[in-house]
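Quick notes on the structure that follows.
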Amino acid sequence: MNFDIDKLFLLLESEYKRFETPSVTKIANLIKSNPFAVLISTLISLRTKDEVTLKASERLFSRADNPFDMLKLSTDEVERLIYPAGFYRKKSLLILDISKYLVENYQGRVPNSLDELLKIKGVGRKTANLVLVEGFGVPAVCVDTHVHRIMNRMGLVNTKNPDETEMVLRDKLPVKYWIKWNEYLVAYGQNVCKPISPLCSTCKLSDFCAKINIKRWR
DNA sequence: AAAACGGGGGC
DNA sequence: GCCCCAGTTTT
């Protein structure tokens, strides 16, 4: 990164605090303390808005916040619990599949290495890295659509491939920033650096922006 | 009626 | 690398 990464991080941090909403943060923090919850809520979040995901997760985890309890539920029950998130059939089957896999292979615990996480069905690099960062508090670079879009707009990368963005960040971003990077950028991506019609005129990060791919992402 | 919400996997 | 997947909520 050519620019002052420390300054950028501080800006992101202060912006993040502006976007915090107590109720959402409370649920999110509850999920964060449990790697299994992080894993499952990430699957629920597929093609689903964040508030809906959190509400569905909260309902599901109040019934079962570990693989053993999850396997006591039928697919119908899981479907009903996560219903508003959409794609509930596919998701409920996957949730129970993964629960079974974790019980059979890891005594019901979520593995804490990238390689082992990637062996789980339905888990790719984004999900695996998020489980490491949020579930285990291990430094990892998690590139989701927000991180990927903003890094492209800033000119750090110029690629459609999130894996490439991940590799560049691993190389250029100091490890001490890995834990919070995804969280801050997701918040910024949702509130300011949005996919369509981003709020560039009031953006605090414009000094860092290469101003490419602004109009529309995707 | 149309758009928004995203990541994994198959080829 | 490109395309497919498939359902809700919001506008």
Side-chain angles (χ1 to χ4, degrees), chain A residues 19 21 23-24 27-28 31-32 35-60 75-102 110-111 113-135 140-153 157-170 181-199 213-218:
Chain A
F19 306 132
T21 56
S23 63
V24 168
I27 304 174
I31 291 173
K32 262 190 219 175
F36 180 70
V38 174
L39 175 51
I40 301 302
S41 64
T42 306
L43 302 175
I44 294 173
S45 79
L46 209 65
R47 209 79 173 131
T48 303
K49 293 197 173 31
D50 272 17
E51 303 93 285
V52 179
T53 300
L54 288 172
K55 290 216 168 72
S57 300
E58 196 181 24
R59 291 215 303 167
L60 180 63
T75 51
D76 279 2
E77 286 175 303
V78 176
E79 281 182 16
R80 261 180 265 121
L81 287 164
I82 66 171
Y83 173 80
F87 301 99
Y88 45 84
R89 266 179 281 269
K90 185 180 269 189
K91 286 174 183 175
S92 61
L93 287 174
L94 189 57
I95 288 167
L96 289 173
D97 262 13
I98 289 177
S99 299
K100 185 158 169 261
Y101 177 84
L102 293 177
V110 177
S113 80
L114 185 62
D115 285 348
E116 288 178 293
L117 283 166
L118 289 173
K119 286 182 194 157
I120 302 172
K121 191 192 338 177
V123 174
R125 299 195 68 84
K126 186 268 176 177
T127 307
N129 279 315
L130 196 71
V131 169
L132 290 176
V133 176
E134 291 197 355
V141 174
C142 173
V143 176
D144 63 15
T145 172
H146 296 292
V147 173
H148 190 232
R149 177 181 68 257
I150 297 173
M151 294 300 92
N152 271 280
R153 283 176 173 169
V157 293
N158 181 16
T159 175
K160 291 182 194 165
N161 183 359
D163 292 349
E164 194 181 330
T165 302
E166 185 193 321
M167 295 315 148
V168 172
L169 279 175
R170 280 168 171 276
W181 191 254
N182 173 265
E183 196 173 344
Y184 289 171
L185 285 170
V186 167
Y188 208 71
Q190 287 169 334
N191 292 285
V192 181
C193 196
K194 300 190 277 190
I196 299 168
S197 313
L199 311 181
N213 292 323
I214 289 297
K215 211 168 199 173
R216 169 180 280 263
W217 181 266
R218 108 184 58 193

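Note that these values count all heavy atoms, side chains included, but never hydrogens, waters or copies made by symmetry. Sequence lines set the chain letters: A, B, ... in the order given, protein chains first and strands last, and positions in each chain run from 1.
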Hey, could you give me each pair passing salt bridge (Lys or Arg N to Asp or Glu O under 4.0 Å) that has a residue in residues 115-132 of chain A? Not counting sequence neighbours.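 Sorted result for residues 115-132 of chain A: Asp97(A)-Lys121(A), Arg125(A)-Glu166(A).
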Could you list all the salt bridge (Lys or Arg N to Asp or Glu O under 4.0 Å) pairs where at least one residue sits in residues 182-194 of chain A, not counting sequence neighbours?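 Listed once each, the pairs are Lys32(A)-Glu183(A), Lys180(A)-Glu183(A).
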Under 4.0 Å between any heavy atoms, over every strand shown, what does Asp50(A) touch: base, sugar-phosphate, or nothing? Just pick one.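 Here Asp50(A) touches no strand at all.
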Counting the atoms with a prime plus P, OP1 and OP2 as sugar-phosphate, which does Thr53(A) contact under 4.0 Å by heavy atoms, base, sugar-phosphate, or nothing?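 It contacts nothing in the nucleic acid.
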Polar atom pairs between nucleotides 1-3 of chain B and protein, under 3.5 Å, N or O only, would you list them?
none

Check the pair Val143(A) / Asn129(A) against side-chain contact (heavy atoms from CB on, under 4.5 Å), numbers first and verdict last. CA-CA 8 Å; Val143(A) 176; Asn129(A) 279 315; over 6 Å; no
What distance separates [X] [atom1] from [Y] [atom2], expressed to the nearest 0.5 Å?
X	Y	atom1	atom2	answer
Asp144(A)	Asn182(A)	CG	CG	5.0 Å
Asn213(A)	Met151(A)	CG	CE	13.0 Å
Leu54(A)	Arg59(A)	CG	CZ	13.5 Å

Whole-Å distance between [N] [atom2] and [X] [atom1]?
X	N	atom1	atom2	result
His148(A)	dG8(B)	NE2	C1'	15 Å
Glu51(A)	dA4(B)	CD	P	16 Å
Asp97(A)	dG8(B)	CG	P	17 Å
Lys194(A)	dA4(B)	NZ	C1'	12 Å
Ile44(A)	dC5(B)	CD1	C1'	15 Å

Taking the side chain from Asn152(A) and the backbone from Thr159(A), do they hold a donor-acceptor pair closer than 3.5 Å?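 Yes; at least one donor-acceptor contact below 3.5 Å.
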Nearest heavy-atom pair of Arg153(A) and Cys193(A): which atoms, and what distance?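 Heavy atoms of Arg153(A) and Cys193(A) come nearest at NH1-SG, 3.2 Å.
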Quick one: list whatever passes side chain to side chain contact (heavy atoms under 4.5 Å, CB included) with Val168(A), sequence neighbours left out.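 Partners of Val168(A) by the side chain to side chain contact (heavy atoms under 4.5 Å, CB included) criterion, ordered by chain and then number, come out as Leu156(A), Val157(A), Lys172(A).
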Looking only at side-chain N and O atoms, does His146(A) come under 4.0 Å of OP1 or OP2 in dG6(B)?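 Answer is yes, contact under 4.0 Å.
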Which residues pass the salt bridge (Lys or Arg N to Asp or Glu O under 4.0 Å) test with Glu164(A), sequence neighbours left out?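 So Glu164(A) forms no salt bridge (Lys or Arg N to Asp or Glu O under 4.0 Å) with any residue.
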Under the side-chain hydrogen bond (donor to acceptor under 3.5 Å, both in side chains) definition, can you give me all pairs with a residue in residues 35-46 of chain A, not counting sequence neighbours?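 Applying side-chain hydrogen bond (donor to acceptor under 3.5 Å, both in side chains) to every pair that reaches into residues 35-46 of chain A, excluding sequence neighbours, yields nothing.
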When you check every protein heavy atom under 4.0 Å of nucleotides 1-11 of chain C, what one-letter string (B, S, -) results, 5' to 3'? -S--SBBSS--
Residues in side-chain hydrogen bond (donor to acceptor under 3.5 Å, both in side chains) with Ser57(A), at least two apart?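 Applying side-chain hydrogen bond (donor to acceptor under 3.5 Å, both in side chains) to Ser57(A) gives none.
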Which value, in whole Å, describes the distance between the P atoms of nucleotides dT10(C) and dG6(B)?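 Comparing P positions in dT10(C) and dG6(B) gives a spacing of 15 Å.
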What distance, rounded to whole Å, do you find between the two P atoms, one in dG10(B) and one in dA6(C)?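 These two P atoms come out 14 Å apart once rounded.
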Who passes ring pair (Phe, Tyr, Trp, His ring centres under 6.0 Å) against Tyr101(A), sequence neighbours left out?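 Per chain and number, Tyr101(A) pairs via ring pair (Phe, Tyr, Trp, His ring centres under 6.0 Å) with no residue.
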Review item, nucleotides 9-11 of chain B N/O atoms under 3.5 Å of protein N/O:
from   : atom 1 : to        : atom 2 : distance (Å)
dG9(B) : OP1    : Gly122(A) : N      : 2.8

Under 3.5 Å, sequence neighbours excluded: what are the donor-acceptor pairs made by side chains of residues 81-95 of chain A?
from     : atom 1 : to       : atom 2 : distance (Å)
Lys91(A) : NZ     : Ile44(A) : O      : 2.7
Lys91(A) : NZ     : Leu46(A) : O      : 3.0
Lys91(A) : NZ     : Thr48(A) : OG1    : 3.1
Lys91(A) : NZ     : Ala85(A) : O      : 3.2
Lys91(A) : NZ     : Gly86(A) : O      : 3.1
Ser92(A) : OG     : Tyr88(A) : O      : 3.0
Ser92(A) : OG     : Arg89(A) : O      : 3.0

Please list every stem that involves DNA chain B, where a stem is a run of 3 or more consecutive Watson-Crick or G-U wobble pairs with both pairing distances under 3.5 Å.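 Stem list for DNA chain B: B:1-5 with C:7-11, B:7-11 with C:1-5.
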